[in-house]
Amino acid sequence: MSAAKICVVGSINADLTVNVDRHPTPGETLLGSGGGITAGGKGANQACAAARLGAPVALVGAVGTDSNAIPATALLREAGVDLTHVEEVTEVTGLAVITVAANGENTVQVVPGANALVDADFVSRHAEPVEAAEVVLLQGEIPADGFARAVELAKGRVVINLAPVVDVPREALLAADPLMANEHEAGLILDQLGYDSTGTPEDLARRLKDAGFASVVLTLGAAGALVVEGDALTHIPSPQVEAVDTVGAGDSFAGAFCARIIEGDTLVEASTYACRVGAFSVTRPGAQPSYPTAADTLPGA
Ligand code: RIB
């Protein structure tokens with residue numbers, strides 16, 4: 001029986017990062033720096049973020065037989081994530097090619113590789129930690145039927161950060177409590193559900209709630225987050241920091257949020273803490289390498 005209170009069913013990637021002064025235009029070649037491989041993948045990042053803060057976390061996912069599997073899982077191991085349910089499959093490990101410009105903005109292109117095998121059958125084979133978890137945390141980097149199977153198996157709270165926004169069964173998506181999305185994703189999810197996707201962040205957050213989600217957390221980057229629960233909409237400000245790399249900041253928010261939810265925080269309390277963790281992560285390069293431990297001092301009071 002898994003002792004993990006949080007179960008993440010999601011992607012594991014090797015992140016290949018190149019730093020440039022500015023993003024290239026189509027057809028243009030630029031010289032950059034970096035080129036190193038670090039641990040990434042939205043599922044793995046969220047699992048790592050929660051575990052670094054002390055939460056007991058299990059990850060259900062897949063890596064390939066190639067050498068990238070080692071750096072892709074190194075920080076998960078170090079953080080103490082239970083990797084019993086990470087299968088090695090005959091594929092390549094998921095790869096993200098990331099370009100970070102001097103102003104901190106990034107572009108990310110993902111080759112799913114092994115993550116594409118995390119389908120309904122795969123998740124069913126690893127049902128035990130999903131069923132046992134108090135919180136099941138999902139993203140959009142595994143096949144839709146694997147996503148839906150995880151929701152079906154979950155007995156605890158389901159937190160969904162549908163990044164990237166992919167087509168998933170409506171009833172599975174609406175199981176989210178909360179649905180966690182940034183402004184761009186919120187618009188795409190509203191489109192997917194057949195609702196108007198225009199308006200202010202407050203409009204989008206309230207409309208998502210009206211679409212049938214039990215609760216909504218809309219992340220706004222440096223502007224913080226909005227939490228909608230019942231009729232109440234709460235704006236949570238973010239500590240202001242100098243951002244050097246925003247890759248994986250949303251994932252650190254999701255992981256930190258779940259780490260606090262299992263401790264009994266309200267959605268507003270958990271989001272307030274998660275904003276501080278997100279602000280910490282953007283002051284350092286990379287995804288998982290930028291996440292704080294419980295011993296680190298977070299920005300903001
Ligand atoms: O959210 C950031 C992550 O997106 C990166 O680590 C990359 O692997 C992609 O999955």
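Since we're looking at a predicted model, the values are computed, not measured. Numbering of ligands and ligand atoms starts at 1, following listing order. Each residue takes its place number in the sequence, starting with 1. Side chains are part of it too, since the values below use all heavy atoms of this structure and drop only hydrogens, waters and symmetry mates.
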Checklist entry - Do the rings of Phe257 and Phe253 sit parallel, tilted or perpendicular, given the 30° and 60° boundaries? => result parallel
Checklist entry - Counting N and O atoms only, with roles assigned by atom type, does the side chain of His85 sit under 3.5 Å from a partner on the main chain of Val9, one being a donor and the other an acceptor? => result no
Note down each nitrogen or oxygen pair, ligand 1 side and protein side, whose separation is under 3.5 Å; give only atom names and the distance to 0.1 Å.
| residue | atom | partner | partner atom | Å |
| --- | --- | --- | --- | --- |
| ligand 1 | 1 (O) | Lys42 | NZ | 2.8 |
| ligand 1 | 1 (O) | Asp251 | OD2 | 2.7 |
| ligand 1 | 4 (O) | Lys42 | NZ | 3.2 |
| ligand 1 | 6 (O) | Asp15 | OD1 | 3.4 |
| ligand 1 | 6 (O) | Asp15 | OD2 | 2.6 |
| ligand 1 | 6 (O) | Gly41 | N | 3.1 |
| ligand 1 | 6 (O) | Asn45 | ND2 | 3.0 |
| ligand 1 | 8 (O) | Asn13 | ND2 | 3.0 |
| ligand 1 | 8 (O) | Asp15 | OD1 | 2.6 |
| ligand 1 | 8 (O) | Gly41 | N | 2.9 |
| ligand 1 | 10 (O) | Asn13 | ND2 | 3.1 |
| ligand 1 | 10 (O) | Glu141 | OE1 | 3.0 |
| ligand 1 | 10 (O) | Glu141 | OE2 | 2.7 |

Checklist outcome for this item: Sequence neighbours excluded, the answer for salt bridge (charged side-chain N to carboxylate O under 4.0 Å, His left out) partners of Arg170 is none
Checklist outcome for this item: Across all chains, not counting sequence neighbours, the ring pair (Phe, Tyr, Trp, His ring centres under 6.0 Å) partners of Tyr273 are none
Checklist entry - Short question: side chain of Thr266, backbone of Glu269 - any donor-acceptor pair under 3.5 Å? => result yes
Extract all donor-acceptor atom pairs below 3.5 Å that involve side chains of residues 130-147 and protein atoms in other chains or at least two apart in sequence.
| residue | atom | partner | partner atom | Å |
| --- | --- | --- | --- | --- |
| Gln139 | NE2 | Gln46 | OE1 | 2.9 |
| Glu141 | OE1 | Ser11 | OG | 2.5 |
| Glu141 | OE1 | Lys42 | N | 3.1 |

